[in-house]
Amino acid sequence: MATIYDVAKAAGVSPKTVSRVINDEPYVREALRREVWMAIERLDYRVNFNARQMRTQRSQAIGFISNEVSTSIFAVDIIRGAFKAAGQHHQILLVVNTEHDAGIEESAVNLLLERQVEGIIYATFYHREVTLPEAVYGLPTGLVDCFVNDRSL
């Protein structure tokens with residue numbers, strides 16, 4: 001697998017210039033930008049997601065916890081809307097269906113937190129009160145067709 005250093009060598013530029021091109025930063029001459037992109041394509045270079053996440057402290061991911069939504073006739077529209085909104089903000093959506101199982105729900109929240117999601121969408125099948133795991137309260141959280149008793153979310 002090619003590294004940023006391989007791309008830099010192939011394009012005849014520094015690794016910092018490659019980084020500037022990949023991140024669409026200004027102040028890179030158009031001719032250099034084209035050389036870097038051609039080297040990226042030739043070498044089939046892929047950005048190292050783990051390295052980027054460590055550097056930026058951003059996962060570019062939102063967690064979507066479905067509590068029985070998958071059985072709803074509106075499931076496709078709800079999830080499609082969440083995918084679209086996430087994409088508009090250059091985020092990916094990690095979808096977990098818990099089927100109203102508290103154990104699965106807690107594991108799902110922990111899994112999403114381990115992946116350092118930047119927010120959580122929690123959706124239920126019908127409008128009702130829900131009790132969310134404490135860990136969710138540390139993140140931006142949106143509720144779909146549900147509410148918490150104290151209306152804090």
Check [X] against [Y] and note the closest heavy-atom contact, atom names and distance.
X      : Y      : result
Ala82  : Ile121 : CB-CD1, 4.1 Å
Leu132 : Tyr137 : O-CE1, 4.0 Å
Cys146 : Val130 : CB-CG1, 3.8 Å
Thr124 : Asp145 : OG1-O, 2.6 Å
Ile22  : Tyr45  : CD1-CE2, 3.5 Å
Asn97  : Ser66  : OD1-O, 2.9 Å

With [X], which residues qualify under side chain to side chain donor-acceptor pair (under 3.5 Å), at least two apart?
X      : result
Asp44  : Arg46
Glu105 : Asn67, Tyr122
Thr17  : Ser14

Decide whether Asp101 and Thr98 meet the rule of one side-chain donor and one side-chain acceptor closer than 3.5 Å.
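Their side chains do not contain a donor-acceptor pair, so the 3.5 Å distance test is not met.
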
Run Ile79 and Phe64 through side chain to side chain contact (heavy atoms under 4.5 Å, CB included) and show every step you take. CA-CA 8 Å; Ile79 295 171; Phe64 185 102; 3.9 Å; yes

For [X], give me all partners under side-chain contact (heavy atoms from CB on, under 4.5 Å), at least two apart in sequence or on another chain.
X      : answer
Ala85  : none
Ala39  : Val7, Ala10, Ala11, Arg42
Arg33  : Val21, Asp24, Val28, Glu30, Trp37
Ser107 : none

Between Gln60 (side chain only) and Gln91 (backbone N and O only), is there a donor and an acceptor less than 3.5 Å apart?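 It does not hold such a pair.
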
Does [X] share a hydrophobic cluster with [Y], counting links as ILVMFWY side-chain heavy atoms below 4.5 Å and allowing steps through other members?
X     : Y     : answer
Val47 : Met38 : no
Ile4  : Ile40 : yes
Ile78 : Val95 : yes

Only pairs at least two apart or in different chains count here, so list each salt bridge (Lys or Arg N to Asp or Glu O under 4.0 Å) that has a residue in residues 74-84.
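Every salt bridge (Lys or Arg N to Asp or Glu O under 4.0 Å) pair that includes a residue of residues 74-84, provided the two are not neighbours, is Asp77-Arg80.
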
### Listed once per pair and sorted, the salt bridge (Lys or Arg N to Asp or Glu O under 4.0 Å) pairs that draw on residues 124-141, sequence neighbours left out
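Listed once each, the pairs would be none.
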
| said: Run Leu94 and Ile62 through side chain to side chain contact (heavy atoms under 4.5 Å, CB included) and show every step you take. | reply: CA-CA 6 Å; Leu94 303 176; Ile62 297 171; over 6 Å; no

Going by the side-chain contact (heavy atoms from CB on, under 4.5 Å) test, name the single residue among Leu113, Leu111, Leu112 that passes it with Arg115.
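The option that passes is Leu111.
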
Item to check | Heavy-atom check, side chain of Thr131 versus side chain of Val148, under 4.5 Å | outcome: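 Side-chain contact under 4.5 Å: no.
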
Distance (rounded to the nearest 0.5 Å) between Glu25 CD and Lys16 NZ:
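Going from CD on Glu25 over to NZ on Lys16, the span is 5.0 Å.
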
